[in-house]
Each structure stands twice: as C-alpha cells, then as structure tokens.
Amino acid sequence: MKHYLQFSDFTAEEYDYLLSRAALIKKKFKNYEKHHTLTDRTLAMIFEKASTRTRVSFEAGMYQLGGSVVHLTTGDSQLGRSEPIEDSARVISRMTDLVMIRTFGQEKIERFAAHSRVPVINGLTNEFHPCQILADIFTFIEHRGSIAGKVVAWVGDGNNMANTWLQAADLLGFTVHVSTPSGYEVDEKLAFGGKTPRPGCYKVFQDPLEACKGADLVTTDVWTSMGYEAENEIRMKAFADWCVDQEMMQAAKPDAVFMHCLPAHRGEEVTAEVIDGPQSVVWDEAENRMHVQKALMEYLLLGKLAD
C-alpha cells in the first residue's frame, strides 16, 4: 500500500506511468468512453480547508471511475479535536477504500496515514500540494512536450506550491527559478526533507523579472494563502513587485506558458492581461486536476494497468 502525501513519495518511473495514464483517461473522457476501473470503491474526502477545484475534481473523478464518494467537512469531522486523528484514521479506513484530506499542517495527514488501512492522498496542506503540481506538469507536457531540462519561473510566496515545484524539479530533471520577497523564501530543509537536492534543480533570484528570463513556464499563486489571512495587509505591501505582468512574460521564452493554481486575484499576483491572455493555460490546468487525480486514485488502488 502506498500513500501520496508529497510529490517525492513517487519515483520518476511512477510519474512516467501516471502521466501517460492520465493522458489515456482524459482521451477516453473526451470521447465519452466509460472508464469504470473503480466500480464499488469508495473515496472519503475530508476537508478542513474549504475548496472548489479539489472537491469537484476528486468527486467528479471518482464518479467517472465508477466509484462513490463520502464528503466530510469541518462541521462533521474535525481531525484531532473531538477525536484523536489516529482513531479517525482507524475508523474511516475500515469503511472506505481511499481517503483524500485537505487540511492545514502536514503533520496531521502524516499521522492519519500512519494509522490508515487504505491509501491516503494529500489534497493540500500548508506545506505541500502534490496533486496540483502533478496537474501542472501534465498540462505543460500537453502543450510543450517533456518538462525535463526546461525552466519553470516561480514568482511569489515560498509556499506549499513552491515547495512542491522544487521536489518535482529534483525528481524529474528540470530547473525552478525562484523569486520571493525577503522574508518569504522557500525553506529548503522543508522542501527536500533534509536531503541534498540535485545540483542545479533550483536557483534563487531577488528580481522576479530576472527569474523569468528564458523560462518555459511562468507560474504564481495568491499572495495570502488560506490560513494566513491575518498577514494580508503586510503581504500586500511586501509582494507589490511580484505581480506577474506582460513584461515578465516577455522576458520568458516566446512560447512560454503561464499557470496559476487558482483562485486568482487579477491585479495582485497576476495581471488580467496575462491570466486572460494567449499564453495562459490555466483553464486546461484546472481541468487536468481531475484527469491526473483519476490516474492517481486508480494507481493507488489497482497498481499499473495495461489498458
């Protein structure tokens, strides 16, 4: 049994399979072909952080695979408050086949997984967002081919998305140019779990425009992630120069694409001209969460399939 708690949990070979499998699943979806590999399987979704894309993509995806879904929110399940996380894991994993958790601290999901009898998926924590980066890489491959050897410019907060991009770069052989305001840098120890990353997998730039030079992909996230709302006013000032605009996109390669995990705040972390412009692939990126997560759920429950 495997869990998917951060991007580094899988090998490059496993990602090759998942990405090709996601392409097959998406093709069948577009052709209205049934793909019921998880008939009679049940996914439990536990949300301590609210969600739109995560809920819709997992729930619709599981139904499209022939399975069913149990949806739990903070109103019905508060991990570690009314009951120890370990006990919740023991109970829920006896009644379902797969658990997806979207919560605050990574420590919560790791404790749950340690006592679960079924695979656990990280739908987002403060530290990591592996399903989103899996979708982003799949989207890049769809539009531009292999991401190996390419440059991804990360402009903004050194948050869960940035941490996960670094893990992906280390594993899949591309480079991330990271530019964050002072005080909001990526924590390398957290991102790589104390391990030494592959040389050259990321470079740090003080100037976001410099980070975008020569990039194949420019990406960002909101300046104030969920759970950090109290810092919003301070962050608005600190991040003022980290808005992805047309000048940054022009510094990137001519065929560079723009991504954003959404929701987006036009005029803050990205201009409307960029996110609604011809280089933006954010809507494909959003849809692809569903397709890569279908491949992921299928793999965790059934392993590699030939058809």
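Since the structure is predicted, the reported quantities are computational estimates derived from the model, not experimental observations. Sequence positions, counted from 1, serve as the residue numbers for this chain.
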Other ILVMFWY residues reachable from Leu24 by side-chain steps of under 4.5 Å = none
What pairs with Lys213 under side chain to side chain contact (heavy atoms under 4.5 Å, CB included), at least two apart in sequence or on another chain?
-> Glu210, Ala251
What pairs meet the side chain to side chain donor-acceptor pair (under 3.5 Å) rule with one or both residues in residues 235-245, with sequence neighbours excluded?
-> Asp157-Arg235, Ser179-Trp242, Glu231-Arg235
Quick one: name the residues clustered hydrophobically with Phe205, using the 4.5 Å side-chain heavy-atom rule over I, L, V, M, F, W, Y, and just say none if it's on its own.
-> none
For residues 283-307, which residue pairs qualify under ring-ring contact (aromatic ring centres under 6.0 Å, His included), counting only residues two or more places apart or in two chains?
-> Phe10-Tyr299, Tyr17-Tyr299, Phe29-His291
Inter- and intrachain pairs under ring-ring contact (aromatic ring centres under 6.0 Å, His included), touching residues 262-281, at least two apart = none
Any chance you could pull the hydrophobic cluster mates of Leu124, using side-chain heavy atoms under 4.5 angstrom and chaining through other members?
-> none
Hydrophobic clusters join Ile, Leu, Val, Met, Phe, Trp and Tyr when side-chain heavy atoms are under 4.5 Å apart, directly or via other members; which others share one with Leu190?
-> Phe128
N/O donor-acceptor pairs under 3.5 Å from side chains in residues 112-121, not counting sequence neighbours:
| from | atom 1 | to | atom 2 | distance (Å) |
| --- | --- | --- | --- | --- |
| His115 | ND1 | Arg111 | O | 3.1 |
| Ser116 | OG | Val118 | N | 3.0 |
| Ser116 | OG | Val118 | O | 2.7 |

Would you list the atom pairs, donor with acceptor, under 3.5 Å between side chains in residues 36-47 and any protein atom, with sequence neighbours excluded?
| from | atom 1 | to | atom 2 | distance (Å) |
| --- | --- | --- | --- | --- |
| Thr37 | OG1 | Glu298 | OE2 | 2.8 |
| Thr39 | OG1 | His36 | O | 3.2 |
| Thr42 | OG1 | Ser68 | OG | 3.1 |

Partner set under side-chain hydrogen bond (donor to acceptor under 3.5 Å, both in side chains) for Arg144, not counting sequence neighbours = none
Any side chain to side chain donor-acceptor pair (under 3.5 Å) involving residues 184-201? Give me the pairs, sequence neighbours left out, ordered by first then second residue.
-> Glu188-Tyr202
Audit row: Glu14, Lys2, salt bridge (charged side-chain N to carboxylate O under 4.0 Å, His left out) steps and yes/no | CA-CA 12 Å; Glu14 287 176 302; Lys2 293 181 73 73; 3.6 Å; yes
